[in-house]
Each structure stands twice: as C-alpha cells, then as structure tokens.
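What follows is a single structure, written as structure tokens, with notes after it.
In what follows, chains carry the letters A, B, and so on, assigned in the order in which the sequence lines appear, proteins first and then strands, with residues in each chain numbered from 1. Hydrogens, waters and symmetry mates are skipped; everything else that's a heavy atom, side chains included, is used. Worth saying up front: this structure is predicted, and the values here are computed from it rather than measured.
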2 protein chains.
Amino acid sequence: MRKDFGAKTWLYPMPVLIVAAYDKEGVPCCMNAAWGGIYDTDQVMVCLADDHKTTKNILESGAFTVNIADAAHVVAADYVGIVSGNDEPEKMEKAGLSVLPSAYVKAPVICEFPMAVECELLKFNEDGICIGRIVNVSADESVLGEDGRIDPTLLQAITYDPVHHGYFKLGERVGQAFSDGRKLK
Amino acid sequence: MRKDFGAKTWLYPMPVLIVAAYDKEGVPCCMNAAWGGIYDTDQVMVCLADDHKTTKNILESGAFTVNIADAAHVVAADYVGIVSGNDEPEKMEKAGLSVLPSAYVKAPVICEFPMAVECELLKFNEDGICIGRIVNVSADESVLGEDGRIDPTLLQAITYDPVHHGYFKLGERVGQAFSDGRKLK
C-alpha cells in the first residue's frame, strides 16, 4: 500500500550545497542551498531567492563556488543556511569558515569543505534559477583514494532530509553502474 | 592541499531518479536520470536527452513520475539507465519493474521503488531541461516510520558516484537542521 502526501518539495537525496561568492569589496559570504544539482554537462543549478546576500554577490561578481558540505561540518553548514549575510557581517567567521580564492574564477573556495565546484555564472534563467558553468572541481587531498580521485567514503558528503529537516551522511557502496544491468535476465 | 580535476560534471550527492511516463498507447517506460533535483517550490528538474523514449512519452502525455531508486533495486535502476526503450520494447519487464497508474497525473508509478514524485509537465525550459510540477508524493508503507512519514533509514535511497560510476546508499543521520546552528558561537 502507498500513502499520499500531496504536493511536497521532497526528493532523496537532496544535496547540501554551500554556495559562496565575493561581494564588490572582495568580502566572501556563503549560504546553504538544498535545491540544486547538475543541470547539464558542466553546468550546475541552484535555486537562490533574490534577497540573499550571496545572490547579489553572484550577480555582481559573475562567479561562485558550490562547496560540498561534509559530516564533520554539519553545524557550520546548517548555520549558513539559517543566518543571513545581510544581518550578520561576520557570518563566515561565526560559522568557523575560512576561504581561499579560486585559481579559476573570481569566487572563494571554502577551506573547511573537502570539495568545491568552481563556476562562472552563466545566467539566471527564465525562472530565476542560477546556472553556473563548471570551470574546475577541486578536492582536498584528505578525501582522495589511492587512485588519486575523490573517494565518497572519505568525502563524507551529507544530504538533507526534507521530511524531518535532518542531515544524513552518504553510506556504503551498493553497486557499480554500467556493469551488472545487462545481465538482469 | 587541494587537487584540481578541471571541468567535471561532479556533485555529491547526485540522485538516482527513475523517470517514468506512458506512451500514446498507455505503455509505460522509464529511464535513469542522474542529472536533476528540486528546481523550485513544488517543482523538479531532470536533464533528459531528446532521443530518449521517455522524453518523447513525456512530451506526448504531459506527465511523468520521478521514482526514487533504492538499495534493494540498484541493478534494475542501473539497467534502465543503460538499455533504451527505443531498442528494447520489454524494458520494464526485463528490469523486473511493474507499474500502477498515478491517481493524480497521467503517468505510471513504479511499484518496486518505495517513493514517487508525481508530476505534471510544466515545460521543457529554454535550455531543454524538463520541469515538472509536483502534484503528489507517494511512498510505500514499508518505508514509513512510526510517525507515518517517510523515514530515510527505511527508504534506503541510493546516490550516484560520478567519479567511479558506483552507487552508494544514504547512511546514518548526523544532525538536525534549524536547531544547533545558532549556538555555534
């Protein structure tokens, strides 16, 4: 039996994307975006309300980073989702977050998060959704496996539970793509 | 130290969305979409190439469902991502998937996946991305907690690892949103 919940903005997994940009003076700010994902090849989308400090910063600077929140920094990731940079000028410091400039785009990479997707602003599309062109993906060496690539079990990315407003981390590997499927029957 | 990987279409978590629709004759088909997510309030987006059977079906029927792939059906979820409904008329059967019609939209709900987001097609937007308006979310009773709501630990949703093309399931709860953040400092 199925239970109906009506029109809910629910999906699993929903990401915890920490979107960061510089303001005109080069001061970094960031926010937590749960509505977003890959939009197309080399493109990400994030749904950002107009009144966010970070939205204004992206429009002015033409660039942003999408930092992947991890289990070690769940409190900081949540904090930057509930406190506005419009009200709290020391938001980054209070969250315990520091930044380094991206070498590829005019946007800050947040040091504490282990992976960043560094983007040029492509546009805010017809629906006001922020679309970025991915210029570089960077990751901290601490989350790289023996093959030198990102290892999800080391990355410890978190995901947002829209039903109970909780955070979960990604768990164990359960299968390989493009391999077993054709053997189904 | 950080390592740069260049322009990669990577994000964590990426979903495993099984998009399903009926053709003109009412025959269901489905496909695996890793590029998608919540677009805006009550709206989902999925990036679907034009030549997919499911893309054609959505354009004709004006509706689709987004079924959340779970750990118990990882092989079926992968299969419907590598075999095209254009080539395999018995794709659903070969994947071991059965459907029931949604009570809300003219689209099939896949019985084996424990949660479905049932959508009317809003449009293919200026970038060709498929945007759906969520009309109903349904979930199997087996994944509901004692509070009658979806429990992520029972849902066992999976996520796609774009680096090694693997599937991971969601893991343990690591925090609560909107609560601890303000206590940071």
Side-chain angles (χ1 to χ4, degrees), chain A residues 1-13 15 35-38 40-42 47 68 71 74-75 78-79 82 94-95 117 125-126 134-141 144 149-150 152 155 157-159 161 163 165-178 180-181 184-185, chain B residues 1-13 15 35-38 40-42 47 68 71 74-75 78-79 82 94-95 117 125-126 134-141 144 149-150 152 155 157-159 161 163 165-178 180-181 184-185:
Chain A
M1 278 291 293
R2 292 233 165 197
K3 179 170 175 179
D4 293 328
F5 292 94
K8 298 290 184 182
T9 311
W10 292 350
L11 212 65
Y12 289 90
W35 295 355
I38 297 294
D40 207 331
T41 308
D42 296 343
C47 180
I68 306 301
V74 60
V75 177
D78 188 58
Y79 175 85
I82 53 182
K94 293 214 168 169
V117 180
N125 75 7
E126 61 184 333
I134 301 171
V135 177
N136 185 54
V137 171
S138 64
D140 195 83
E141 288 182 350
L144 306 183
R149 310 182 81 191
I150 294 165
L155 185 68
I158 58 173
T159 173
D161 169 20
V163 172
H165 306 295
Y167 295 106
F168 286 72
K169 62 177 178 179
L170 303 192
E172 66 195 83
R173 195 174 175 289
V174 293
Q176 176 67 27
F178 313 130
D180 303 328
L184 249 192
K185 283 201 180 172
Chain B
M1 278 289 294
R2 292 232 164 198
K3 180 170 175 178
D4 293 328
F5 292 94
K8 298 290 184 182
T9 311
W10 292 350
L11 212 65
Y12 288 91
W35 295 354
I38 297 294
D40 208 332
T41 308
D42 296 344
C47 179
I68 305 302
V74 60
V75 176
D78 188 58
Y79 175 85
I82 53 182
K94 293 213 168 168
V117 181
N125 76 6
E126 61 184 332
I134 301 171
V135 177
N136 184 54
V137 170
S138 64
D140 194 84
E141 288 181 351
L144 305 183
R149 310 182 82 192
I150 294 165
L155 185 69
I158 58 173
T159 172
D161 169 20
V163 173
H165 305 296
Y167 296 106
F168 285 73
K169 63 177 178 178
L170 304 193
E172 66 196 83
R173 195 174 177 289
V174 293
Q176 177 66 26
F178 314 130
D180 303 327
L184 248 193
K185 283 199 179 174

Hey, does B:N125 have a side-chain heavy atom less than 4.5 Å from the side chain of A:E126? yes

Less than 4.5 Å apart, side chain to side chain, heavy atoms only: is that true for B:M1 and A:D140? no

B:Y12 vs A:I158 side-chain heavy atoms within contact, under 4.5 Å: no

If you count heavy-atom pairs under 4.5 Å between each of A:T159, A:I150, A:L155 and chain B, which one has the most? A:I150

Can you say whether B:A157 sits under 4.5 Å from chain A via the side chain, the backbone, both, or neither, judging by heavy atoms? side chain

Bottom line for A:V74: the part with an atom under 4.5 Å from chain B's heavy atoms is side chain

Exercise: do A:D161 and A:Y167 side chains pair donor with acceptor under 3.5 Å: no

Chain A contact via B:V163 - which portion, at a heavy-atom distance below 4.5 Å: both

Is there side-chain contact between B:L144 and A:K3, with heavy atoms separated by less than 4.5 Å? yes

Name the region of B:V135, side chain, backbone, both or neither, that has any atom closer than 4.5 Å to a heavy atom of chain A. backbone

Of A:K8, A:E172, A:E141, the largest count of non-hydrogen pairs under 4.5 angstrom with chain B goes to A:E172

Between CG on residue A:L11 and CD1 on residue B:I68, distance to nearest 0.5 Å: 4.5 Å

I'd like to know which of A:P15, A:A71, A:C47, A:P13 tops the heavy-atom pair count under 4.5 Å against chain B. A:P13

Quick one: does B:I134's side chain get under 4.5 Å of A:W10's, heavy atoms only? no

Atom group of A:D4 that falls short of 4.5 Å from chain B, counting heavy atoms: both

Under 4.5 Å heavy-atom distance to chain A, tell me which part of B:D40 shows up: side chain, backbone, both or neither. both

